[in-house]
Amino acid sequence: MPKSHRSSDRPGAVPLFRRLVYRLVRRVPRGKVVTYGQVAAILGQPRGARAVGTALGALRGPLLHLVPWQRVINAAGRCSHRDGSWADVQRRLLEAEGVRFDRHGRVNLRRARWAGPRREWVTRLRYEV
């Protein structure tokens, strides 16, 4: 594809990795969570947990309401926003979906972790975009 046709070259276009993150996170069902590292690994970037966090932190406008960003937590099972108020918002949103936290503010990942999409979906995702 010529360089001029790549969507990431257009002003205001959402970069490919971010689009993949958003598509994947939209598949996480209510009441389930995934970790930043899990999202990165599913997308073929096993060391890309921070990039997933950056992508979710960049959500603005209508995407903020379309992508259930609150369902992505850290590997310790905690809400990990540097801004404490967003961590509180995330926890309230998750609790409203039925996700339970222990007295230390952790989610039991054995119970609440989403197993991930079917392998066929992941393969198709990588080639669709």
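Because the structure is a prediction, the values reported are computed rather than measured.
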Which heavy atom of G116 sits nearest a heavy atom of I42, and at what distance?
-> CA-CD1, 4.3 Å
If you group Ile, Leu, Val, Met, Phe, Trp and Tyr by side-chain heavy-atom gaps below 4.5 Å, do F101 and V28 land in one group?
-> no
Determine the minimum heavy-atom distance between A40 and A49, stating which atoms define it.
-> CB-N, 3.7 Å
Pairs touching residues 49-59 that satisfy salt bridge (charged side-chain N to carboxylate O under 4.0 Å, His left out), sequence neighbours left out = none
Under the side-chain contact (heavy atoms from CB on, under 4.5 Å) rule, collect the residues that match up with A75, sequence neighbours excluded.
-> none
Under the ring-ring contact (aromatic ring centres under 6.0 Å, His included) test, which residues partner W69, sequence neighbours left out?
-> H81, W86
For residues 102-109, dump all side-chain donor-acceptor pairs below 3.5 Å to protein atoms at least two apart in sequence or in another chain.
residue : atom : partner : partner atom : Å
D102    : OD1  : H104    : N            : 2.8
D102    : OD1  : G105    : N            : 3.0
D102    : OD1  : R106    : N            : 2.9
N108    : OD1  : R110    : N            : 2.9
N108    : OD1  : R111    : N            : 3.4

Could you tell me whether the side chain of Q90 reaches within less than 4.5 Å of the side chain of I73, counting heavy atoms only?
-> yes
L24 vs L20 side-chain heavy atoms within contact, under 4.5 Å = no
Examine L59 and L93 and state if one hydrophobic cluster contains both, with Ile, Leu, Val, Met, Phe, Trp and Tyr joined whenever side-chain heavy atoms are less than 4.5 Å apart.
-> yes
Are V33 and V25 connected in a single hydrophobic cluster, I mean Ile/Leu/Val/Met/Phe/Trp/Tyr linked by side-chain heavy atoms less than 4.5 Å apart?
-> no
Do you reckon V67 sits in the same ILVMFWY cluster as V72, going by side-chain contacts under 4.5 Å, direct or chained?
-> yes
Could you name each residue pair satisfying side-chain hydrogen bond (donor to acceptor under 3.5 Å, both in side chains) that touches residues 26-36, not counting sequence neighbours?
-> none
Residue pairs, two or more places apart or on separate chains, that pass salt bridge (charged side-chain N to carboxylate O under 4.0 Å, His left out) and touch residues 57-76 = R71-E97
What pairs with R91 under salt bridge (charged side-chain N to carboxylate O under 4.0 Å, His left out), at least two apart in sequence or on another chain?
-> E95
Do L64 and V52 belong together in a cluster built from hydrophobic side chains that touch within less than 4.5 Å?
-> yes
Residues in side-chain contact (heavy atoms from CB on, under 4.5 Å) contact with A58, at least two apart in sequence or another chain = R18, Y22
